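Just so it is clear, the structure is predicted and the values come from calculations on it, not from any experiment. Numbers here simply count residues along the sequence, with the first being 1.
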Amino acid sequence: MELRQLRYVTAIAEHGNLGRAAKALYVSQPALSYALKRFETELGLRIFDRGPAGVVPTDAGREVLDAVAEAVAAADRVAAVADRHRLGQMLRVGFEASGAGELTTRARAEFARRHPDVRVAPKRFDWGGEAAALREGQVDVAFVWLPADLTGCRSVVVHTEPRVVGLPVGHRLAAREGVSVVETNGEPLMWTDKAPRAWVDWWAVNPRPDGSEPRWGPQNDNVEEMLEQVAEGAAICFAPQSMAAYYARPDLVWVPLTDAEPLQVVIAWRSTDESPLVRGFVEVVRELTSM
């Protein structure tokens with residue numbers, strides 16, 4: 001059993017389709033199919049049921065996949081420890097999109113000033129991925145957008161900001177100074193199946209204040225895909241206010257949402273991590289937020 005096989009199986013489970021998984025892994029679909037068959041033969045167990053729409057884990061497969069995820073995460077932690085010793089002291093800081101706005105950049109810069117011998121490595125993740133990366137040991141500390149699963153982690157709210165709606169230039173709501181969530185009910189809304197459902201519903205304000213459900217539009221895997229589809233008029237999106245500055249484009253307009261709950265961002269770290277570097281970074285962030 002090889003680590004490469006485990007990563008292949010993880011990708012297949014994540015995408016639910018051999019073609020999409022092969023594309024994400026930059027391998028051919030026949031090669032991935034062959035690798036899966038070898039893995040199942042080695043275990044003597046069928047991991048996935050195949051169908052026209054893709055693959056679905058078997059009952060036994062789900063338990064195997066849980067163990068595979070633990071093994072891959074453990075391997076990533078081993079690599080991270082080796083990196084620290086090979087490259088010197090390093091602090092990996094996770095964030096998503098615009099993170100905690102300017103606080104993200106300011107905190108990294110101030111920490112680097114206080115610890116010039118430590119390399120600060122920013123790690124950007126897609127929708128909701130920064131919390132999972134922290135739990136799995138891919139980063140040491142993270143600016144996490146709530147809501148998020150922070151099981152096994154400690155966290156402190158360090159940033160709050162309003163939400164905005166992203167619209168293509170010329171949209172009927174683009175000239176407004178503010179927009180109610182309900183006023184967007186008829187508009188297709190960008191969403192993703194890569195993030196936990198609770199995260200998706202919170203961002204979509206589902207249900208709406210009037211009890212209705214959003215009109216779900218196209219899916220996207222990351223912020224760049226989302227903004228491209230909004231700019232071309234395929235849908236609208238909800239985002240934190242800082243995204244208007246970090247992702248300013250001439251073909252997009254950002255309008256404040258007047259009745260959406262603001263985004264809260266926490267600085268989070270694993271409960272078992274007693275590293276002085278992690279404690280030092282958290283201290284920097286809390287100092288900056290108290291100014």
Side-chain angles (χ1 to χ4, degrees), residues 6-27 29 32 36 47-48 51 53-57 61-62 65-66 68-70 72-73 76 92-100 104 122-139 142-151 153 163 165-166 188-206 213-232 234-240 242-243 246-247 263-266 268:
L6 302 184
R7 293 195 187 280
Y8 281 4
V9 172
T10 299
I12 293 169
E14 177 184 350
H15 292 278
N17 180 282
L18 285 172
R20 289 196 294 268
K23 185 177 180 180
L25 292 165
Y26 298 99
V27 300
Q29 184 171 335
L32 186 60
L36 174 58
I47 306 302
F48 296 100
V55 297
V56 178
R62 277 190 286 272
L65 289 168
D66 287 341
V68 166
E70 292 176 5
V72 170
D76 288 340
R92 301 164 300 161
V93 180
F95 65 100
E96 169 183 349
S98 54
T104 311
K123 303 285 185 181
R124 201 202 82 169
F125 297 90
D126 294 321
W127 309 132
E130 74 281 16
L134 177 63
R135 294 195 311 271
E136 295 166 6
Q138 297 179 43
V139 293
F143 290 97
V144 179
W145 287 3
L146 299 181
D149 178 6
L150 289 172
T151 303
C153 299
R163 283 191 277 174
V165 55
L189 182 70
M190 295 297 304
W191 70 288
T192 180
D193 63 0
K194 304 302 180 186
R197 188 67 208 194
W199 188 98
V200 172
D201 284 337
W202 186 86
W203 274 105
V205 191
N206 182 34
E213 182 175 333
R215 178 185 168 194
W216 300 106
Q219 295 187 46
N220 68 95
D221 292 345
N222 53 60
V223 63
E224 290 81 10
E225 289 183 8
M226 180 183 77
L227 297 185
E228 280 297 320
Q229 294 191 71
V230 172
E232 69 183 22
I236 65 171
C237 69
F238 292 166
S242 59
M243 196 175 286
Y246 279 71
Y247 295 93
L263 168 67
Q264 287 191 313
V265 184
V266 299

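The minimum heavy-atom distance between P240 and L263, with the atom names listed, is CB-CD2, 3.7 Å. Q29 and G19 get closest at one heavy-atom pair: OE1-CA, 3.3 Å. The heavy-atom pair separating Q138 from D76 by the smallest distance is CG-OD2, 4.4 Å. Taking every heavy atom of both residues into account, G99 and V265 meet most closely at O-CG2, 4.0 Å. The minimum heavy-atom distance between A21 and A11, with the atom names listed, is CB-O, 3.7 Å. F95 approaches P122 most closely through the heavy-atom pair CE2-CB, 3.8 Å.
Under the 4.5 Å side-chain criterion, counting only non-hydrogen atoms from C-beta, V9 is in contact with F48. Contact annotation: the side chain of Y8 approaches that of L32 to within less than 4.5 Å [non-hydrogen atoms, C-beta and beyond]. Looking at heavy atoms from C-beta onward, N220 lies in side-chain contact with W127 at the 4.5 angstrom threshold. Looking at heavy atoms from C-beta onward, V266 lies in side-chain contact with L150 at the 4.5 angstrom threshold. C153 is listed as a side-chain neighbour of L134, based on a closest heavy-atom distance under 4.5 Å.
Atom OG1 of T192 sits about 7.0 Å away from atom CH2 of W199, to the nearest 0.5 Å. How far CD1 of I12 is from CZ of R7: 14.0 Å, rounded to the nearest 0.5 Å. Atom CH2 of W191 sits about 5.5 Å away from atom CZ of R197, to the nearest 0.5 Å. The CG atom of L227 lies 11.5 Å from the CD atom of E232; values are rounded to the nearest 0.5 Å.
The side-chain tip of R163 does not point at the ring of W145 from less than 6.0 angstrom away and within 45° of straight on.
Formation of a donor-acceptor pair under 3.5 Å by the R20 side chain with backbone atoms of E14 is not found in this model. Side chain of W203 to main chain of A239: no donor-acceptor pair is present (N/O by atom type, distance under 3.5 Å, no hydrogens or angles).
Annotation: salt bridge (charged side-chain N to carboxylate O under 4.0 Å, His left out) contacts involving residues 124-134, sequence neighbours excluded, comprise R124-D126, R124-E224.
By the 6.0 Å contact criterion, NZ on K194 is enclosed, its count of non-hydrogen atoms from other residues, nucleotides or ligands being greater than 12.
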Given the rule in the side chain to side chain contact (heavy atoms under 4.5 Å, CB included) test, do K23 and N17 qualify, once you have shown the distances and angles that lead to the verdict?
CA-CA 10 Å; K23 185 177 180 180; N17 180 282; over 6 Å; no
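Under the 3.5 Å distance criterion, with hydrogens and angles disregarded, a donor-acceptor pair is assigned to the side chains of W216 and E213.
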